[in-house]
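See below for the structure under consideration.
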Protein chains: 2
Amino acid sequence: MNATSTPGLKRLAPSGPGPLYRQARRELQRLVESGRYAPGDALPSESAIAGALGVSIGTLRKAVDELVHEHVLVRRQGKGTFVAVHNDDRFLFQFFHVEPRDDFNGEAELREREYPQVECVAFTRGRADDAEAAALRIRPGDAVVRVDNRLSLSGRPVVHDRIVVAGMTFKGLSEKRFRERPSTIYNLYQTDHGITVLRARERARATAAGRETARILGVAIGRPVLEVHRVALTFGDKPVEYRISTINTASHDYVSLLSKRA
Amino acid sequence: MNATSTPGLKRLAPSGPGPLYRQARRELQRLVESGRYAPGDALPSESAIAGALGVSIGTLRKAVDELVHEHVLVRRQGKGTFVAVHNDDRFLFQFFHVEPRDDFNGEAELREREYPQVECVAFTRGRADDAEAAALRIRPGDAVVRVDNRLSLSGRPVVHDRIVVAGMTFKGLSEKRFRERPSTIYNLYQTDHGITVLRARERARATAAGRETARILGVAIGRPVLEVHRVALTFGDKPVEYRISTINTASHDYVSLLSKRA
DNA sequence: CCCAATTTGTTCGTATGTATA
DNA sequence: TTATACATACGAACAAATTGG
């Protein structure tokens, strides 16, 4: 019996697999994934968790360090440790990378970035084709939801997003709820379906604008456009969203910052 | 007087700016930047460094942790801590991201990747134009070296690289040395000019192939190609290389993995 | 406005485990 | 086997931020 009440944690086995701080990390991750602690929730204090797990405070901190580094948790000095919420600028722009053309004149990292204006042009249900099934690791023919969004910057359409998710994973997803979401799409995934997008794999290529792209983005058929195929991943690198972004790069760029390990 | 001889480190001030482990980190970084410890060199042991700096071993380890995370240092248990050398696969592919088309069928991260065959088609000296000057943060008209490379995968040309560096920064760079480099270009920067590329900023866009691109890559004029503008950065985000990669994405993709903080 | 309690952040030191030569 | 170096684990003390009284 702990005086502070045990916060849903089980004492770690004396000799589990790997270092102790990784066992502690897995235990915390399990609690977040299970929804026992939801996004925005405060975790028990470090000393309380360490006590419940039966590890030292330093070991527990090392476990939390890793989860903070992967954006699963957020620490605030004097307040506590929280399950990360993905609804602010930082997370929006972590996956939205289109900017006005500007050849390295300004400090790209410091410039004020404009929020895209999002317009949903289609919301349909259907069955996964081969490419969608491969990307989402489901079977061809499985139920999927497809959303087509048009993103505009400064009032001009720049990006067409075709978003595909598995119906199985996103059970209660309705068009109404999708259109009226208060924050970003990834925030909706998190709050409504308990799915946290941690990373994404992307493949980019140049293609000629087809009829539909030309119509939605207002460019001439055959003009070069940038096509970005993205698979968004959650815990365990499980794919949860397949998105094809078609970008008119006539006066905008697709921006990325490479660093650190892959 | 230390019994082990001081390895070029000065004792930290009692109340410098910021946390002690960041001061220690800056001190180590300074030593690497200055060339006092060259790529591949082993640093003194953690306890020796901690002793020389007058900090505890835990604090020193936290400083090293950060530098390891940024690929400045590499730790090897039982051997020591070394200044990172940028000549292996990991670093080559950290900045080379072109792969055969494959719509997320395989596990992209685990697949064997093919080395590009590099062919230098031009090596010229000239004066920086406005775009080059802005990217390299030099003055228009300053001396630059331009290199044009053709990269082939499976014998087919896929990428045209136009590389521009400041003549001031790369003093002794000769065509002969460049062509006969034993490893990657970034490894040459490091070994011959003491410049370590840590990160890169990129901007991608789709364009129509021009005459020169069509000739070098063997595509029809007007075909959509992917143009990636990259500025490679060293310590302090100082730009050291401006590179325009023109990629034939007819059967290849430009790949990236997004995660963590920007 | 200040004080006290709580929580994370930093620093210290020690002991032990594991990999390398 | 021994010595060295990094890796893990523990615990203590104090600093800094936050909150509520």
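Note that the structure is predicted; figures quoted are calculated from it, not measured. Each chain gets a letter, A, B and so on, in the order the sequences are listed, and its residues count up from 1.
Ion pairing between a basic and an acidic side chain is recognised when a charged N comes within 4.0 Å of a carboxylate O; K62(B) and E66(B) show no such pairing. The residues E33(B) and K238(B) are annotated as not salt-bridged, no charged nitrogen and carboxylate oxygen being separated by less than 4.0 angstrom.
Among the protein residues, G80(A) comes within range of the sugar-phosphate backbone only, with heavy atoms under 4.0 Å from sugar or phosphate atoms but none that close to a base. Within the 4.0 angstrom heavy-atom criterion, base atoms lie near R61(B).
Atom CD in E46(B) sits roughly 16 Å away from atom C1' in dC12(C) (whole-Å rounding). For L53(A) and dG11(D), the CG to C1' distance is 17 Å, given to the nearest whole Å. In this entry the distance linking CZ of R25(A) with C1' of dT8(D) reads 17 Å, nearest Å. Atom CZ in F82(A) sits about 11 Å away from atom P in dT7(C), given to the nearest Å. For the pair L43(A) CG and dT7(C) P, the computed distance is 12 Å after rounding to whole Å. In this structure, the CG atom of L60(B) is 12 Å from the P atom of dA7(D), given to the nearest Å. Y21(B) places its OH atom 17 Å from the P atom of dA15(D), with the value rounded to the nearest Å. In this structure, K62(B) places its NZ atom 7 Å from P of dT11(C), rounding to the nearest Å.
Side-chain N/O atoms of T81(A) include one lying less than 4.0 angstrom from OP1 or OP2 on dT8(C).
Evaluation of the salt bridge (Lys or Arg N to Asp or Glu O under 4.0 Å) rule for K171(B) yields no partner, not counting sequence neighbours. Residues passing the salt bridge (Lys or Arg N to Asp or Glu O under 4.0 Å) test with R76(A): none are found, sequence neighbours excluded.
Under a cutoff of 6.0 Å and an axis angle of 45°, R181(B) and F178(B) form a cation-pi pair.
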Task: Where protein sits on nucleotides 14-21 of chain C, one letter per nucleotide: B base, S sugar-phosphate only, - none, heavy atoms under 4.0 Å - done: B--BBBSS
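In this structure, H86(A) has its ring center no closer than 6.0 Å to that of H71(A). Side-chain rings of F170(B) and Y189(B) approach one another, their centers coming within less than 6.0 Å.
Comparing dG11(D), dT11(C), dC6(D) by their nearest atom to the side chain of S45(B) picks out dC6(D). Comparing dA9(D), dC6(D), dC12(C) by their closest approach to the side chain of L20(A) singles out dA9(D). The side chain of T59(B) has dT11(C) as its nearest neighbour among dT7(C), dA9(D), dT11(C).
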